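The basis for the numbers below is simple: all heavy atoms, side chains too, and nothing from hydrogens, waters or symmetry mates. What you are looking at is a predicted structure, and each value in this text was computed from that prediction instead of being measured. Just so it is clear: chains get the letters A, B, ... in the order the sequence lines come, proteins before strands, and each one is counted from 1.
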Amino acid sequence: MLELFGDNSWIVGKVLVATWETIYMVLTSTVLSYLFGLPLGIILVTTAENHIMENKGLNRVLGSIVNAARSIPFIIFLILLIPFTRLLIGTSIGTVASIVPLTIAAIPFVARMVETSLKEIERGLIEAAISMGANAQQVISKVLLPEAMPSLLLGFAITAINLVGYSAMAGIVGGGGLGTLAYYYGYQRYEDTVMLITVIVLIVLVQGVQMLGDNLAGQIVNKRR
Amino acid sequence: MIEIKNLSKIYAASGQEVLALDDVSLTVQKGEIFGIIGLSGAGKSTLIRCINMLEKPTRGSIAVDGREITSLGKQELRLARQKIGMIFQQFNLLSSRNVFDNVMFPLEIAKVPRSEAKERVQELLELVGLTDKAGMHPAQLSGGQKQRVGIARALANGPKLLLSDEATSALDPQTTRSILKLLKDINRQLNLTVLLITHDMNVIKDVCDRVAVIDNSRIVEIGDVLEVFSNPQTPTSHSFVNAVISHEVPGELLHSPMDHSGDTATKLIRVSFIGASAGKPLISSMIRRYNIDVSIIYGNIDRIKDTPFGNLTLEMIGHSELLQEALDYLRGEGLEIEVLRNA
């Protein structure tokens, strides 16, 4: 591997560090965005009309907020959130700092993904649980989430893939990871090799996440068949 | 077991009000299998769903086992629902769980301790004959097996009442019969009251003690199944009964030429019989006593529970006076006679 790059062997180290930074950012922000987005998605589904916690007012308000947040392009989100990130982390530069906008931008996306997955659950299953005397929490934890698990996992993969892209954007404004590497070396210093390698690593990352998601979801579906 | 009084349900759909149940009153006795039959859209599904409050009635009262169900608080209602089992046309089994865990589901909801719950599931699987399928997922089962899981699940918390929402409508006739037999068995074994809705009069005929006919949001007839079958009071009941046992005489019979000469007469009659009289050799003794010729044109005999019942269309040829006496004889023996044609 090293011989292949000759005197460009420094690139390997840079790429490895940047790849790790990207994985770290994406993984952390995906998990954090689910921490908030999953409950939000559940609330969006269950407060809808004729569902287990029907609350039209709350549903409309949350729906509007999610839509509003989703209509802001990520690059603008990134800038808008700088003061908030500083307040929270102390800086707006670096890997840890970029987790903040990544997470916040992903939350409404996650909420909609979760909502879509849970909406697919047949009405009859929910009614059967209610007819047995289940409360809302039991319907969510024993019917909605387990039944939608394959679809939720695919959503998780899609979210992570989106965040790989977003993290590259965050990299351009000093977020670290493969985005920063590509910008500083590939763009500003005309290091085409760095650019190429970055693109290849990104492709591999995205493919890997998608395959993992498909695989896990497929395993569950197969078990149920 | 169930006492429904003046129950009405109005749906408000896009500004329009739809009357789904119109002043329905109904009593279901403890331990009986009660059937409600109606066409789709008649309101039967709404009615059964009101009993465990899956639908909220607009007016009226429903008492289950002496307890008014329409005014219960949330928590009380959940506890009450645990004691009312329900099975569904589409089975509604969880694909995320295998058979064992599907039956376990209501026990988890009721927070039954796990070891006790496991024992209970074993018993229930044995009851419905699925012990060997415990580890399978619903997708691997046939329709009949899925409904057996549904039944085991519905019985998990030891309900006194089982609601069956078109439970056999998605099954073939043979599987339907085996599921109905299972329902009948558990009805006897566990002294379980069963309320079922169906659009299939065969289901009513095979398992029900009493039946209510619902048409256009109203109950139009209630009675013992035998009574309704032998003497349906309304056009709706009539058409349901006819779907199973044809009372209609093929039209061409009524118009084909019949020969008669001198004092010999011909009559086309329909004899309806229920129960004991069906067992007696009345027709043959009539033939001997009144010296008339009889040919069977059309006939139909069935059993409801253990009572034979049916009808025969006969062409009788003989001396006109004797014919009249023969009819009186049959009537005197408790048969219902209808003269379709005279010649």
Side-chain angles (χ1 to χ4, degrees), chain A residues 38 41-42 45-56 58 114 116-156 213 215-225, chain B residues 11 13 45 48-49 51-56 72 74-98 101-111 135-141 149-150 153-157 159 161-166 170:
Chain A
L38 183 67
I42 292 170
V45 171
T46 53
T47 56
E49 202 176 348
N50 281 326
H51 217 291
I52 50 173
M53 300 194 298
E54 177 176 334
N55 186 334
K56 282 182 206 163
L58 180 64
V114 169
T116 311
S117 297
L118 299 188
K119 263 188 182 165
E120 286 165 19
I121 306 302
E122 270 175 61
R123 181 99 212 124
L125 289 180
I126 299 164
E127 281 194 340
I130 292 172
S131 81
M132 292 169 209
N135 59 28
Q137 181 251 316
Q138 286 167 325
V139 172
I140 293 166
S141 65
K142 290 173 189 292
V143 180
L144 294 183
L145 295 179
E147 287 293 309
M149 195 47 80
S151 166
L152 286 171
L153 280 171
L154 289 176
F156 193 87
N215 213 300
L216 286 174
Q219 270 181 31
I220 295 174
V221 170
N222 276 332
K223 215 184 98 190
R224 294 177 182 180
R225 251 204 297 261
Chain B
Y11 287 108
S45 197
I48 201 167
R49 289 159 54 84
I51 291 164
N52 60 1
M53 295 287 285
L54 283 179
E55 301 281 358
K56 215 171 149 35
L72 292 179
K74 273 189 171 180
Q75 181 58 25
E76 287 173 307
L77 178 60
R78 282 198 283 269
L79 290 174
R81 278 171 173 159
Q82 290 174 10
K83 293 292 174 195
I84 304 175
M86 190 168 195
I87 52 176
F88 307 87
Q89 178 174 3
Q90 295 308 327
F91 322 120
N92 293 339
L93 302 177
L94 295 174
S95 67
S96 52
R97 291 169 176 241
N98 62 21
D101 291 337
N102 262 291
V103 181
M104 182 80 110
F105 183 40
L107 296 164
E108 285 174 22
I109 288 171
K111 302 202 164 69
M136 286 185 136
H137 276 265
Q140 299 165 307
L141 302 178
V149 178
R153 184 176 72 172
L155 297 177
N157 281 315
L161 171 65
L162 179 68
L163 305 175
S164 165
D165 186 355
E166 298 269 9

Roughly how far, to the nearest 0.5 Å, is the [atom2] atom of [Y] from the [atom1] atom of [X]?
{"X": "A:I121", "Y": "B:S95", "atom1": "CD1", "atom2": "OG", "answer": "7.5 Å"}
{"X": "A:S131", "Y": "B:I51", "atom1": "OG", "atom2": "CD1", "answer": "13.0 Å"}
{"X": "B:R81", "Y": "A:M132", "atom1": "CZ", "atom2": "CE", "answer": "12.0 Å"}
{"X": "A:N222", "Y": "B:H137", "atom1": "CG", "atom2": "NE2", "answer": "11.0 Å"}

Please classify the contact between A:A129 and chain B as side chain, backbone, both or neither, with a heavy-atom cut-off of under 4.5 Å.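 Both backbone and side chain.
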
Side chain / backbone / both / neither for A:R225 at chain B, heavy atoms under 4.5 Å: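 For A:R225, the backbone is the part near chain B, not the side chain.
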
So which of [options] has the largest heavy-atom pair count under 4.5 angstrom toward chain A?
{"options": "B:P159, B:A139, B:G150, B:S96", "value": "B:S96"}
{"options": "B:N157, B:D165, B:L94, B:I84", "value": "B:L94"}
{"options": "B:Q90, B:K74, B:R49", "value": "B:R49"}
{"options": "B:A154, B:A156, B:P106, B:P138", "value": "B:P106"}
{"options": "B:N52, B:L93, B:L77", "value": "B:L93"}

Answer yes or no: does atom CD of A:E122 have more than 12 heavy-atom neighbours from other residues, nucleotides or ligands under 6.0 Å?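 Open: at most 12 neighbouring heavy atoms sit under 6.0 Å from CD of A:E122.
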
Please determine whether side-chain contact (heavy atoms from CB on, under 4.5 Å) holds for the pair A:Q138 and B:K111, giving the CA-CA distance in whole Å, both sets of side-chain angles, and the decisive distance to 0.1 Å. CA-CA 11 Å; A:Q138 286 167 325; B:K111 302 202 164 69; 3.7 Å; yes

May I ask you to test the A:E127-B:M86 pair for a side-chain heavy-atom distance under 4.5 Å?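 No - every pair of side-chain heavy atoms lies 4.5 Å or more apart.
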
Nearest heavy-atom neighbours spanning A:G124 and B:N92: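 Answer, listing the atom of A:G124 first, then B:N92: O-ND2, 3.1 Å.
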
Answer with side chain, backbone, both or neither: which region of [X] has an atom nearer than 4.5 Å to a non-hydrogen atom of chain A?
{"X": "B:Q75", "answer": "neither"}
{"X": "B:L79", "answer": "neither"}
{"X": "B:Q82", "answer": "both"}

